[in-house]
Chemist: 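The structure follows.
The structure displayed is predicted, hence computed values, not measured ones. Counting starts at 1 for both ligands and their atoms, following the listed order. Count residues from 1 along the sequence.
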Amino acid sequence: MEKFVKTYIDAFMAELVARNPGELEFHQAVGEVVGSVAPYLEANPYLINEKILERMSEPERTVIFRVPWMDDHGTIRINRGFRVQMNSALGPYKGGLRFHPSVNLSILKFLAFEQTFKNSLTTLPMGGAKGGSDFYPRGKSDGEVMRFCQSFMTELSRHIGADTDVPAGDIGVGGREIGYLFGQYKRLRDEFSGTLTGKGLAWGGSLLRPEATGYGVCYFAQEMLAGKNKSFEGQRVVISGAGNVAQYAAQKALRLGAKVLTLSDSDGYMYDPDGLDEEKMAYVFQLKNIRRGRISEYVQKFPKAQYFAGQRPWNVPCDIALPCATQNEIEKADAEALVKNGCYAVIEGANMPSTPDAIGIFQNAKLLYSPGKASNAGGVATSGLEMTQNSIRQHWTAEEVDTHLRRIMSDIHASCLKYGTNPDGYINYVRGANIAGFIKVAGAMLDQGLV
Ligand code: NDP
Ligand code: 2IT
């Protein structure tokens, strides 16, 4: 790297850390992108004078608000609500809502920043945002979740709209929560619009949106594997998480012939030596989505499986790992264990599940490694397709949506190859995804002037 670029990037990162103290996840996400786009800045130094990185890393708007609600015992509860509207250069702000006790400004800024580049990669007209609350849906009654969602939306509704900002789900926000949020939005605004995605099929949702992130991960993986003349057939697959993304990644992987060995949650993981099948998947869907149970219960139903409390699944020998739970869930020692046990592909379903150290280990070992912003983009892409269907007031078949989804994942893969292929043929998907996402956002921002 030329010295002037290195000097600039070091100063930029120091300034970012000073301006956003303590926001470690945000520093991590920005640092990864900035590291990747250095060669592009070197070739296009006018972007440094344009302060494009400084502009991109400052949210256009951040809203933080009180969310008061009453629990089933009549006790008053106060949570904190957020919406980080990071970038609207490519379209209305778009990105999920996360309800989890760990939610804070740093986590939502990292997610909104990632979302901006991810949405750019999808080729659809969507800017980047993220929001949510430190509210924990686990253990709450449906009534409590509804009252929380109504209070949350009462404030959020002032800041969103079908052409302004279109939220969706993320951790802790699924079909139930989107329903309550949509109902309150409709009531407050007196309009039935496409302001949220992930809606129920009967009221404006798109077929395949629930499946889209997990299926998209597997479609992207198929493209990566095909480049090595491989496929899912007969491969041992380890998956973390047991939520929306993990469930549908598991279902698609097993349908493509893989042996899916694990699922997990924040309490531990289950290992099924025979692998999941359709009957076991049906049990998991029922357990997680209807009964809202824990993955530890799997081993009571299928006693050949084992449960490991308090552990992550990364020590289980596998060919392919699909982290689908949360950020920084693969640390250095986990990455070393994966490589040592013969894993040759890590394809991220979650956002930023691998720490920078872990990514370094994967890339040094020349693994097939893809960052979430490329491989999990199928979810938001299908949200974009839901927006399109809402706008034209039509409903596409599952086949139509699936065809779009496959094409989008294939196009994202091609973008990664374009900007990420090293002289020795190794594909650096991190650099490919970051540069491809960045070029479009940067160009649109420059076109639109200093706003
Ligand atoms: P869900 O809430 O449906 O499931 C999350 C799963 O991850 C649960 O099994 C949960 O376990 C586990 N998990 C959550 N937090 C932690 C933690 N701190 N440590 C260990 N396990 C944890 O969320 P999604 O499946 O929707 O999201 C999973 C990941 O995928 C997130 O990174 C999200 O940002 C990303 N993503 C989601 C998309 C979507 O369309 N939903 C699209 C693109 C990315 P527990 O029940 O114990 O909390
Ligand atoms: O991280 C993500 O891409 C999501 N949670 C989905 C966002 C969306 O708007 O569908």
Chemist: Just to confirm my output: which protein heavy-atom neighbour is closest to atom 37 (C) of ligand 1, and how far is it?
Modeler: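 The answer is V245 CG2, 3.5 Å.
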Chemist: Is the distance between the ring centroids of F82 and F65 under 6.0 Å?
Modeler: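 Between F65 and F82, the centre distance exceeds or equals 6.0 Å.
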Chemist: Below 3.5 Å, N or O to N or O, backbone or side chain included: is there any such pair between D265 and ligand 1?
Modeler: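 Looking only at distances, the answer is no, because the N/O contact criterion of under 3.5 Å is not met.
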Chemist: Output the list of atoms in ligand 2 that are nearer than 4.0 Å to some heavy atom of G169, sorted by atom number.
Modeler: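 Every atom of ligand 2 under 4.0 Å from some heavy atom of G169: 4 (C), 5 (N), 6 (C).
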Chemist: List ligand 2 atoms under 4.0 Å from K118, heavy atoms only on the residue side.
Modeler: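 In order of numbering, the contacting atoms are 1 (O), 2 (C), 3 (O).
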Chemist: In the protein, what heavy atom is nearest to atom 48 (O) of ligand 1, and what distance, to one decimal place, separates them?
Modeler: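 Minimum-distance protein heavy atom for atom 48 (O) of ligand 1 reads S266 OG, 3.7 Å.
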Chemist: Taking only Lys NZ, Arg NE, NH1 and NH2, and the carboxylate oxygens of Asp or Glu, determine whether R158 and E155 approach each other closer than 4.0 Å.
Modeler: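 Looking at R158 and E155, the cut-off is met.
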Chemist: Heavy-atom distances under 4.0 Å are what count here, so tell me which part of K373 touches ligand 2: side chain, backbone, both or neither.
Modeler: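 Near ligand 2, K373 shows nothing, with every heavy atom at 4.0 Å or more.
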Chemist: Report the nearest protein non-hydrogen atom to atom 12 (C) of ligand 1: residue, atom name, distance rounded to 0.1 Å.
Modeler: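 For atom 12 (C) of ligand 1, the nearest protein heavy atom is A325 CB, 3.9 Å.
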Chemist: Is a side-chain N or O of H27 found less than 3.5 angstrom from the main chain of S106, in a donor-acceptor match?
Modeler: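 Answer holds: no.
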Chemist: Taking all heavy atoms of C324 and all of G349, pick out the closest pair and write down the distance.
Modeler: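 That would be SG-CA, 4.0 Å.
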Chemist: Do K130 and E114 sit within salt-bridge range, that is, some charged N less than 4.0 Å from a carboxylate O?
Modeler: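 Result for this pair is no, no salt bridge flagged.
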Chemist: Please write down residue, atom name and distance for the protein heavy atom closest to atom 7 (C) of ligand 2.
Modeler: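 Answer for atom 7 (C) of ligand 2: G96 N, 3.5 Å.
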Chemist: State, to 0.1 Å, how close A250 and V260 come at their nearest heavy-atom pair, and which atoms those are.
Modeler: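 Reported closest heavy-atom pair: O-CG2, 3.9 Å.
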Chemist: Which residue owns the protein heavy atom closest to atom 14 (C) of ligand 1, what's the atom, and how far is it?
Modeler: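 Result: I171 CD1, 4.1 Å.
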Chemist: Among I347, T213, V346, which residue satisfies the side chain to side chain contact (heavy atoms under 4.5 Å, CB included) criterion with S375?
Modeler: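 Testing S375 for a side chain to side chain contact (heavy atoms under 4.5 Å, CB included) against I347, T213, V346 leaves exactly one candidate, I347.
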Chemist: Which of the numbered atoms in ligand 2 are under 4.0 angstrom from any heavy atom belonging to A168?
Modeler: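 Taking each heavy atom of A168 in turn, ligand 2 has 8 (C), 9 (O), 10 (O) under 4.0 Å.
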Chemist: What's the shortest distance from atom 35 (C) of ligand 1 to any protein heavy atom, and which residue and atom give it?
Modeler: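 Answer for atom 35 (C) of ligand 1: N351 ND2, 3.7 Å.
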Chemist: Under 4.0 Å from any heavy atom of G172, which atoms of ligand 1 are there?
Modeler: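 Per the distance check, 2 (O).
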Chemist: Give, for atom NZ of K259 and atom CD1 of I320, the distance between the pair rounded to the nearest 0.5 Å.
Modeler: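 CD1 of I320 is found 14.0 Å from NZ of K259.
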Chemist: Check this for me: does any side-chain nitrogen of one of E386 and K199 sit under 4.0 Å from a carboxylate oxygen of the other?
Modeler: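 Salt bridge flag = yes for K199 with E386.
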Chemist: With heavy atoms under 4.0 Å as the rule, classify the contact between A377 and ligand 1 as side chain, backbone, both or neither.
Modeler: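 Looking at A377 and ligand 1, no heavy atom falls under 4.0 Å.
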Chemist: Taking D272 first and then K280, would you say they form a salt bridge - that is, a charged N and a carboxylate O separated by under 4.0 Å?
Modeler: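 A salt bridge is present here (some side-chain N lies under 4.0 Å from a carboxylate O).
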Chemist: I'd like to check which ligand 1 atoms, numbered from 1 as shown, lie under 4.0 Å from a non-hydrogen atom of S264.
Modeler: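 Going through ligand 1 atom by atom, the ones under 4.0 Å from S264 are 9 (O).
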Chemist: Do K252 and E211 pass the salt bridge (Lys or Arg N to Asp or Glu O under 4.0 Å) test, and can you show the C-alpha distance, the side-chain angles, and the key distance before you say yes or no?
Modeler: CA-CA 9 Å; K252 184 56 81 176; E211 293 88 346; over 6 Å; no
Chemist: Taking only Lys NZ, Arg NE, NH1 and NH2, and the carboxylate oxygens of Asp or Glu, determine whether D402 and R406 approach each other closer than 4.0 Å.
Modeler: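 A salt bridge is present here (some side-chain N lies under 4.0 Å from a carboxylate O).
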Chemist: Starting from atom 39 (C) of ligand 1, which protein heavy atom do you reach first, and at what distance in Å?
Modeler: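 Checked against all protein heavy atoms, atom 39 (C) of ligand 1 sits closest to T213 OG1, 3.5 Å.
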Chemist: Counting each atom of ligand 2 from 1 as listed, which ones have a heavy atom of S383 under 4.0 Å away?
Modeler: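 Matching atoms, with element in brackets: 8 (C), 9 (O), 10 (O).
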Chemist: Heavy atom of R98 under 4.0 Å from ligand 2?
Modeler: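 False for this residue.
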Chemist: What protein heavy atom sits nearest atom 16 (C) of ligand 1, and how far off is it?
Modeler: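 For this ligand atom, the closest protein heavy atom is T326 CG2, 3.6 Å.
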Chemist: Tell me whether N119 contacts the main-chain N or O of G127 through its side chain, where contact means a donor paired with an acceptor under 3.5 Å.
Modeler: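 Yes; judged by distance alone, with no hydrogens or angles, the pair exists.
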Chemist: Name the closest protein heavy atom to atom 6 (C) of ligand 1, giving the residue it belongs to and the distance to 0.1 Å.
Modeler: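 Protein heavy atom with the smallest distance to atom 6 (C) of ligand 1: G243 N, 4.0 Å.
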Chemist: Does only the side chain of H100 get under 4.0 Å from ligand 1, or the backbone, or both, or neither? Count heavy atoms.
Modeler: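 Contact part for H100 vs ligand 1: side chain (C-beta onward).
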Chemist: Which bit of E177 gets closer than 4.0 Å to ligand 1, counting heavy atoms only: side chain, backbone, both or neither?
Modeler: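 Near ligand 1, E177 shows nothing, with every heavy atom at 4.0 Å or more.
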Chemist: Heavy-atom distances under 4.0 Å decide this one: backbone, side chain, both or neither, for C324 against ligand 1?
Modeler: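 C324 to ligand 1: backbone contact only, side chain stays beyond 4.0 Å.
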Chemist: Decide whether the shortest distance between a heavy atom of G174 and an atom of ligand 1 is less than 4.0 Å.
Modeler: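 No; G174 lies far enough from ligand 1 that no heavy-atom distance drops under 4.0 Å.
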Chemist: For V67 and R80, work out which heavy atoms get closest and say how close.
Modeler: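 Nearest pair, atom of V67 first, then R80: CG2-C, 4.2 Å.
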Chemist: So does E32 pair up with K373, basic N to acidic O under 4.0 Å?
Modeler: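 Looking at E32 and K373, the cut-off is met.
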Chemist: Is it true that K332 and D357 make a salt bridge, defined as a side-chain N closer than 4.0 Å to a carboxylate O?
Modeler: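 D357 and K332: not salt-bridged.
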Chemist: Between W69 and T75, does the side chain to side chain contact (heavy atoms under 4.5 Å, CB included) criterion hold? Intermediate values first, please.
Modeler: CA-CA 9 Å; W69 58 284; T75 303; over 6 Å; no
Chemist: If you have a sec, work out which protein heavy atom is nearest atom 4 (C) of ligand 2 and how many Å separate them, to one decimal?
Modeler: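 For this ligand atom, the closest protein heavy atom is K130 NZ, 3.6 Å.
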Chemist: Using heavy atoms and a threshold below 4.0 Å, how should the contact between N351 and ligand 2 be classified: side chain, backbone, both, or neither?
Modeler: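 Side chain only; the backbone of N351 stays clear of ligand 2.
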Chemist: Select one of side chain, backbone, both or neither to describe which atoms of Q327 lie under 4.0 Å from any atom of ligand 1, heavy atoms only.
Modeler: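 Neither; nothing of Q327 gets under 4.0 Å from ligand 1.
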Chemist: Under a 4.0 angstrom heavy-atom cut-off, which atoms of ligand 1 come close to A350?
Modeler: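 Once the distances to A350 are compared, the set is 29 (C), 30 (O), 32 (O), 35 (C).
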Chemist: If you draw the axis of the six-membered ring of F26, does the NZ or CZ of K109 fall within 45° of it and under 6.0 Å from the ring centre?
Modeler: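 Yes - K109 lies over the ring of F26, closer than 6.0 Å to its centre and within 45° of its axis.
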Chemist: Near R98, which atoms of ligand 1 are under 4.0 Å from a heavy atom of that residue?
Modeler: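 Here the atoms of ligand 1 in question are 31 (C), 32 (O), 33 (C), 34 (O).
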Chemist: Hey, does K118 come in under 3.5 Å of ligand 1, counting only N/O atoms on both sides?
Modeler: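 In fact, backbone or side chain, K118 has no N or O that close.
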Chemist: Can you confirm, on distance only, whether ligand 2 has an N/O atom lying under 3.5 Å from any N/O atom belonging to N376?
Modeler: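 There is no such contact.
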Chemist: State whether any protein heavy atom lies less than 4.0 Å from atom 43 (C) of ligand 1.
Modeler: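 Yes, there is a protein heavy atom closer to it than 4.0 Å.
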Chemist: Side chain, backbone, both or neither: which part of E114 has a heavy atom under 4.0 Å from ligand 2?
Modeler: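 No part of E114 is near ligand 2 at this cut-off.
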Chemist: Atoms of ligand 1 less than 4.0 Å from R294 heavy atoms?
Modeler: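 Going through ligand 1 atom by atom, the ones under 4.0 Å from R294 are 45 (P), 46 (O), 47 (O).
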Chemist: Please name the residue in the list R77, R147, K140 that meets the salt bridge (Lys or Arg N to Asp or Glu O under 4.0 Å) test with D72.
Modeler: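 For D72, the salt bridge (Lys or Arg N to Asp or Glu O under 4.0 Å) check succeeds only for R147.
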